[in-house]
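Everything numeric in this text was worked out from a predicted model, so none of it was measured.
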Amino acid sequence: MKIFLDIDGVMVHANPYKKVDMEEDGFYKFNKNAVDAINSIDYNEIEIVLSTSHRFRFSIQVWKNIFSKRNIKFKEISIIDLKLDSNLSRKEEIEKWINDNKINLNDLIIIDDDKSLNGLPENLKKRLVLTDPYIGLKDAMLIKQILEQ
């Protein structure tokens, strides 16, 4: 199961009036509810595909350490690594990566707060958990609904 994962507005709130807590490693402290929601999926099946704007900030190994230290269980971590026009929207990046890599739509979940994702084709939109950026991912309910489809 590939989880296309954003950070701001998903794993941490994106409320500009509220400070985001930091961990000792200098990156954000993830919301406990968001961690629990991700961990509700069998970690032996999870490949986290970072779609966040932070994705180029660290190497894959550093990302693995960040997620491990925040108690997120996963099998693998990768990034959407498109060497394309930086003017692509999140929607366009995700669609292109899925198409280029021939990902089975039943083998993915997109968790993001980017409203451009409302424009995804219906078959992808059914795999989307669109979070409230001021709260982030608050529970596993929508993830479970997608998995049960």
| query | So how far is it from Leu88 CG to Ile94 CD1, rounded to the nearest 0.5 Å? | reply |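 Leu88 atom CG to Ile94 atom CD1 measures 11.5 Å (nearest 0.5 Å).
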
| Roughly how far, to the nearest 0.5 Å, is CG of Leu120 from CZ of Arg90? | 11.5 Å

With [X], which residues qualify under salt bridge (Lys or Arg N to Asp or Glu O under 4.0 Å), at least two apart?
| X | value |
| --- | --- |
| Glu76 | Lys64 |
| Glu23 | none |
| Asp114 | none |

| query | In a check of side-chain contact (heavy atoms from CB on, under 4.5 Å) between Met1 and each of Ile48, Ile109, Asp42, Ile143, which one passes? | reply |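 Only match with Met1 under side-chain contact (heavy atoms from CB on, under 4.5 Å): Ile109.
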
| query | Can you tell which of Val49, Leu128, Asp6 makes a side-chain contact (heavy atoms from CB on, under 4.5 Å) with Ile110? | reply | Leu128

| query | Tell me, do Leu50 and Phe67 make a side-chain contact under 4.5 Å, heavy atoms counted? | reply | yes

| message | Side chains of Glu93 and Ser116, heavy atoms from C-beta outward: is any pair under 4.5 Å? | response |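 Glu93 vs Ser116: side chains apart.
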
| query | Can Val35 be reached from Phe74 by stepping across I, L, V, M, F, W or Y side chains whose heavy atoms are under 4.5 Å apart? | reply |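 Same cluster: Phe74 reaches Val35 through Ile, Leu, Val, Met, Phe, Trp or Tyr contacts under 4.5 Å.
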
| query | Would you say Ile135 and Leu5 are hydrophobically clustered, going by side-chain heavy atoms of ILVMFWY under 4.5 Å? | reply |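 Ile135 does not cluster with Leu5.
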
| query | Do Phe4 and Asp112 pass the side chain to side chain contact (heavy atoms under 4.5 Å, CB included) test, and can you show the C-alpha distance, the side-chain angles, and the key distance before you say yes or no? | reply | CA-CA 8 Å; Phe4 290 81; Asp112 207 307; over 6 Å; no

The criterion is side chain to side chain donor-acceptor pair (under 3.5 Å); which residues satisfy it with [X], sequence neighbours excluded?
| X | value |
| --- | --- |
| Ser78 | Glu47 |
| Asn33 | none |
| Arg70 | Asp25 |

| task | Show your working on side chain to side chain contact (heavy atoms under 4.5 Å, CB included) between Leu105 and Ile98 and close with a plain yes or no. | result | CA-CA 8 Å; Leu105 300 186; Ile98 289 169; 3.9 Å; yes

| Going by the side-chain hydrogen bond (donor to acceptor under 3.5 Å, both in side chains) test, which pairs reach into residues 117-142, not counting sequence neighbours? | none

| query | Just by modelled atom types, is the Ala37 backbone N or O under 3.5 Å from a matching donor or acceptor in the Ser40 side chain? | reply | yes

| Criterion salt bridge (Lys or Arg N to Asp or Glu O under 4.0 Å) on Glu95 and Lys91, from CA distance to verdict | CA-CA 6 Å; Glu95 275 186 288; Lys91 171 193 159 300; 2.7 Å; yes

| request: May I ask you to check whether over 12 heavy atoms, not counting those of Lys144, lie within 6.0 Å of atom NZ? | output: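 No.
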
| request: Might you confirm whether atom CD of Gln149 has over 12 heavy atoms from other residues, nucleotides or ligands at distances under 6.0 Å? | output: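 Yes, the 6.0 Å shell around CD holds more than 12 heavy atoms from other groups.
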
| note | The side-chain contact (heavy atoms from CB on, under 4.5 Å) partners of Asn104 (sequence neighbours excluded) come to Asn106, Asp107

| query | Looking at residues at least two apart in the chain, or sitting in another chain, which of them share a side-chain contact (heavy atoms from CB on, under 4.5 Å) with Leu142? | reply | Val129, Gln145

Under 3.5 Å, sequence neighbours excluded: what are the donor-acceptor pairs made by side chains of residues 7-20?
residue	atom	partner	partner atom	Å
Asp8	OD1	His54	NE2	3.3
Asp8	OD2	His54	NE2	2.9
His13	ND1	Asn15	N	3.1
His13	NE2	Lys19	O	3.2
Asn15	OD1	Tyr17	N	2.8

How far apart are the closest heavy atoms of [X] and [Y], and which atoms are they?
| X | Y | value |
| --- | --- | --- |
| Ile38 | Ile72 | CG2-CG2, 3.7 Å |
| Trp97 | Ile79 | NE1-O, 3.9 Å |
| Lys115 | Pro133 | NZ-CD, 3.9 Å |

| request: Sort and list the pairs that fulfil salt bridge (charged side-chain N to carboxylate O under 4.0 Å, His left out) and have at least one residue in residues 26-41, not counting sequence neighbours. | output: Lys32-Asp36

| said: Just to verify, what does Phe58 make a ring pair (Phe, Tyr, Trp, His ring centres under 6.0 Å) with, not counting sequence neighbours? | reply: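 So Phe58 forms a ring pair (Phe, Tyr, Trp, His ring centres under 6.0 Å) with Phe27, Trp63.
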
